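From a predicted model like this one, the values you see are computed outputs, not experimental measurements.
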Amino acid sequence: MIKVSLKGDVKEFESGITVAEIAKSIGAGLYKAACAGKLDGKVVDLRTPVTKDCELQILTFDDAEGKKAYWHTTSHIMAQAVKKLFPTAGFAIGPAIENGFYYDFDLPRTLTPDDMAKIEAEMKEIIKKDIPLERFELDPKDAIDLMEKEHQKYKVELIQEHAGKGEKISFYKQDDYIDLCAGPHLMSTGHVKAVKLTNCTGAYWRADAKNKMLQRVYGISFPKASQLEEYLHMIEEAKKRDHRKIGRDLDLFDIYEEGPGFPFFLPHGMILRNQLEQFWREEHTKHGYEEIRTPMILSEELWHRSGHWDHYKDNMYTTKIDGQDYAIKPMNCPGGMLVYKRKPHSYRDLPERLAELGLVHRHELSGTLHGLMRVRCFTQDDAHIFMTPDQVESEILGVMNLIDSFYKVFGFEYSLELSTRPKNSMGTDEQWKMATDALIHALKTNGKPYEINEGDGAFYGPKIDFHLRDSLGRTWQCGTIQLDFQMPERFELTYTGEDGEKHRPVMLHRVIFGSIERFIAILTEHYAGAFPIWLAPVQAKILPISDAMLEYAKKVQAKLLEGGLRVEIDTRNEKIGYKIREAQLQKIPYMLIVGEKEMQNGTVSVRGRKAGDLGVMAPDAFLTKAMDEVKAKSNDQ
RNA sequence: GCUGGCGUAGCUCAGUUGGUAGAGCAGCUGAUUUGUAAUCAGCAGGUCGUAGGUUCGAGUCCUAUUGCCAGCUCCA
């Protein structure tokens, strides 16, 4: 007999009893809901025998790991359905992802929406039949034989990779469908309830464009039909937040066919942008930065010197002037180098923090363009910090704090990633080690958790990236801090030290918004277009009830404009309900309704876009309230 | 760039087996002068992404091209 502790409740079982059987002994409901087990903190398959005293947790769909097993099983059900419809199908990989699962198939023809419906119907059949998933293990050699017999070349390739580890290879079998898989899985297909295939696209085997393109089918499943409906509803809601749609609707920005990847900023978008830039300038001035602006077109020779030509020329636009070769800047750094070199520097001048809102152009692949999130021309809120080696850490920490303070203003969550030396890079191992160690040390001092992306650094140095999470759960790289020992070398930057000798400064590239364009896109989706009052293009709209109040409305507007508020009047001959509806749809923070009563009393009736009717007040009182909120950058409107 | 889907009025979309385009909203005009999310009526608006081809005839079928969308890849 063995003792198993379940949420602190200790029970005795026969040694060798499986996790699933333990779940069953507790109740049929739990058995049906069970997705996997957690044995002494380790996730295990439900079929795992328990042979010693332990602590056990039965994982269900409500647990992250359970959800994964649930979705992964659904992906196997999809594969079984595909095998029935396409007996010669090749199977690559089919993991659970953040929301649902996918499976990559090698099929004789491309799938149509009609096929998707058929696969879905077949999956429902398989679920109805409640086919048990059986787990078995083979030696690597036998595993390869089995998959070769099944004509599964991708699986053979996967097993060959695992073979070296000398472990047994596990499989799961449902009827005639056998799949290589580590698990864990549900006990049978009937435990999966509501299923929906959501998308079908191409994807390369091992994500390499040189390999064959497979067909990736995405789907999601839930234990209850209502949960599936809720999920689909949430997706619909998220779509309404799409910055491309809101951008057009609110007159913020747009992209036209005439300039793929080159966005236009419309009047309201320009106000938003200018507010962000103003905030940015104020903060940078406070933190000891000096703003510069460098030219957009510079000679090709400069880009050879900087190393961009060798490492980045495929993404660069070029032009000829008077027969000479020039390039349009894809980054601001070389210009910054020239500015640093304008005069001799003393160690007393350092750090020199040169900031630049620099418009850069990069030739991105056409298929990667996405609204303002990914464009071919964008403004980096760049800065290059030149410093002595012993200033490196405090400068990095200073930038990390500055970034943190910016993101807090918008209420953003972010995660940190450290990217190390890529294959195609400049500099010596020693320099890279020094730079990477400096970043790691700063990260440790800063104390926030971070992930490491091996080989994902810039060609001139390692970096710390700041990833913001958007309303759809996608993460976008915004802020980045990149340490650079190369550029100062290449441009022969120097400063005179305390010892009177020439020294090489260290340089830091950094951005906070990353790209103003991308940041505005994320903001637009984050707020669903309802920007806090300090950013709102129109902060208040005066809605006269009839033409008789127009004169009074203009007086109120003049007063508020005078006070620094962005105010418009809806002068149209429409009913008040209509004007309110329009202002609401335009997400204007405050509506000021003026009718007979307000005109006589010299007041305005204030309506908040979220709060509704806020009562009557004098224009001055409203102005004070609104301007206080602007100043506080509050998001309470 | 690759794979697949799509491209009709400013926006959202109809358009039947190929027989030379239609609605709602927005716009304009008129009436209405209105109290917290859509007043009524009229008018105007499109060489159906572009270029070829098939056909007596193409928004509809074929080819190419371009843009958009989803994903791969890439990255701020």
note = On RNA chain B, more 5' by nearest nucleotide between A/His363 and A/Leu372 is A/His363

Pairwise N/O distances under 3.5 Å, protein to nucleotides 24-29 of chain B:
from: B/rA26; atom 1: OP1; to: A/Tyr578; atom 2: OH; distance (Å): 2.8

task = If B/rU54 has a Watson-Crick or G-U wobble mate with both distances under 3.5 Å, name it; if not, just say none.
result = none

Would you tabulate the nitrogen or oxygen pairs shorter than 3.5 Å linking the protein to nucleotides 66-69 of chain B?
from: B/rC69; atom 1: OP1; to: A/Arg244; atom 2: NH1; distance (Å): 2.8

Inter-nucleotide P distance (B/rG46, B/rC11), Å rounded = 14 Å

Which residues share a side chain to side chain donor-acceptor pair (under 3.5 Å) with A/Lys240, sequence neighbours left out = A/Glu237

key: Phosphate OP1/OP2 of B/rA76 contacted by A/Gln477 side-chain N/O (<4.0 Å)   = yes

request  = With P as the reference atom in both, quote the distance from B/rG59 to B/rC48 in angstrom, rounded to an integer.
outcome  = 7 Å

ask   = Atom CG of A/Leu550 to atom P of B/rU33: distance rounded to whole Å?
value = 15 Å

task = Would you mind checking if A/Lys153 and A/Glu157 are paired as a salt bridge, meaning a charged N to carboxylate O distance below 4.0 Å?
result = no

ask   = Sequence neighbours excluded, which residues qualify as side chain to side chain donor-acceptor pair (under 3.5 Å) partners of A/Thr603?
value = none

ask   = What nucleic acid atoms does A/Gln584 come within less than 4.0 Å of, heavy atoms only: base, sugar-phosphate, or nothing?
value = base

task = Could you please name the partner base of B/rC74, counting Watson-Crick and G-U wobble pairs only when both distances are under 3.5 Å?
result = none

request  = Specify the separation, in whole Å, of atom CG of A/Leu359 and atom P of B/rA76.
outcome  = 16 Å

task = Could you check which of B/rC72, B/rG35, B/rA76 has an atom nearest any side-chain atom of A/Tyr218?
result = B/rC72

Gap between atoms CG and P, on A/Leu543 and B/rA37 respectively (whole Å) = 11 Å

ask   = Of all the nucleotides listed (B/rA38, B/rC75, B/rA76), which has the minimum atom distance to the side chain of A/Asp456?
value = B/rC75

ask   = Quick one, which residues of residues 595-608 of chain A touch RNA chain B with a heavy atom under 4.0 Å?
value = A/Gly595, A/Glu596, A/Lys597, A/Glu598, A/Ser605, A/Arg607

task = Under a 3.5 Å limit for both distances, which nucleotide forms a Watson-Crick or G-U wobble pair with B/rA23, could you say?
result = B/rU12

Identity of whatever pairs with B/rG45 - Watson-Crick or G-U, under 3.5 angstrom = none

message = Heavy atoms only, 4.0 Å cut-off, all strands: where does A/Arg518 land among base, sugar-phosphate and nothing?
response = base

inquiry  = Looking only at the side chains, is there a donor atom on one of A/Gln477 and A/Tyr414 sitting less than 3.5 Å from an acceptor on the other?
reply    = no

ask   = Would you say the side chain of A/Arg374 and the base of B/rC74 hold a donor-acceptor pair, judged only by whether the two atoms sit under 3.5 Å apart?
value = yes

request  = Would you mind telling me which residue lines up with the more 5' stretch of RNA chain B, A/Asp249 or A/Val594, judged by nearest nucleotide?
outcome  = A/Asp249

request  = May I have the step-by-step check of side-chain hydrogen bond (donor to acceptor under 3.5 Å, both in side chains) for A/Gln600 and A/Glu596, ending in yes or no?
outcome  = CA-CA 6 Å; A/Gln600 274 172 18; A/Glu596 193 61 40; 3.2 Å; yes

request  = Please state the C1' separation for the pair B/rA64 and B/rU16 - nearest whole angstrom.
outcome  = 29 Å

Salt bridge (Lys or Arg N to Asp or Glu O under 4.0 Å) contacts in which one or both residues fall within residues 365-374 of chain A, not counting sequence neighbours = A/Glu364-A/Arg374

ask   = CD1 of A/Ile576 versus P of B/rU36: gap in Å, rounded?
value = 9 Å

query = Charged N to carboxylate O below 4.0 Å: is that the case for A/Lys463 and A/Glu417?
reply = no

Length of the line joining A/Glu364:CD and B/rC72:P, which is rounded to integer Å = 16 Å

remark   = For A/Gln486, the side-chain contact (heavy atoms from CB on, under 4.5 Å) test, sequence neighbours excluded, returns A/Met426, A/Gln431, A/Trp432, A/Tyr460, A/Asp484

inquiry  = Counting the atoms with a prime plus P, OP1 and OP2 as sugar-phosphate, which does A/Leu365 contact under 4.0 Å by heavy atoms, base, sugar-phosphate, or nothing?
reply    = base

task = For B/rC74 and B/rG18, measure between their C1' atoms and round to the nearest Å.
result = 44 Å

inquiry  = For A/His72 and A/Phe101, I'd like to know if the aromatic rings sit close, meaning centre-to-centre distance below 6.0 Å.
reply    = no

Pairs of donor and acceptor atoms involving the side chains of residues 254-267 of chain A, under 3.5 Å and at least two apart or interchain, shall be tabulated with distances.
none

query = On a whole-Å scale, what distance lies between the P atoms belonging to B/rG24 and B/rU60?
reply = 25 Å

message = Suppose we screen for side chain to side chain donor-acceptor pair (under 3.5 Å). Which residues come up paired with A/Asn635, at least two apart in sequence or across chains?
response = none

note = A/Thr198 meets the side-chain contact (heavy atoms from CB on, under 4.5 Å) criterion, sequence neighbours left out, with A/Lys196, A/Tyr218, A/Ile220

query = Should the pair A/Glu517-A/Arg273 be classified as a salt bridge under the 4.0 Å nitrogen-to-oxygen rule?
reply = yes

request  = Please list all pairs passing the side chain to side chain donor-acceptor pair (under 3.5 Å) test where one or both residues lie in residues 537-553 of chain A, with sequence neighbours left out.
outcome  = A/Lys541-A/Glu568

request  = For A/Lys463, answer base if it contacts any base atom (sugar-phosphate contacts may also be present), sugar-phosphate if it contacts only those atoms, and nothing otherwise; contact means non-hydrogen atoms under 4.0 Å.
outcome  = sugar-phosphate

key: Interatomic distance, A/Ile481 CD1 vs B/rA76 P [rounded to whole Å]   = 14 Å

inquiry  = Taking B/rC13 as the reference, what is the distance to B/rA21 when you measure between their C1' atoms (whole Å, please)?
reply    = 14 Å

inquiry  = Can you tell me which nucleotide in B/rA37, B/rU36, B/rU12 comes closest to the side chain of A/Arg581?
reply    = B/rA37

inquiry  = Could you work out, with side chain to side chain donor-acceptor pair (under 3.5 Å) as the rule, every residue matching A/Lys329, not counting sequence neighbours?
reply    = A/Thr294, A/Asn332, A/Glu356

task = Under 4.0 Å between any heavy atoms, over every strand shown, what does A/Val360 touch: base, sugar-phosphate, or nothing? Just pick one.
result = nothing

query = What integer distance in Å separates A/Phe466:CZ from B/rA76:P?
reply = 14 Å

query = On a whole-Å scale, what distance lies between the C1' atoms belonging to B/rU17 and B/rC61?
reply = 12 Å

query = On a whole-Å scale, what distance lies between the P atoms belonging to B/rU65 and B/rC2?
reply = 10 Å

task = Using Watson-Crick or G-U wobble geometry with both distances below 3.5 Å, tell me the partner of B/rC6, or none.
result = B/rG67

request  = Once you apply the 3.5 Å cut-off to both distances, tell me the Watson-Crick or G-U wobble partner of B/rG30, or none.
outcome  = B/rC40

message = What is the separation between atom CD on A/Gln586 and atom C1' on B/rA38, rounded to the nearest whole Å?
response = 15 Å

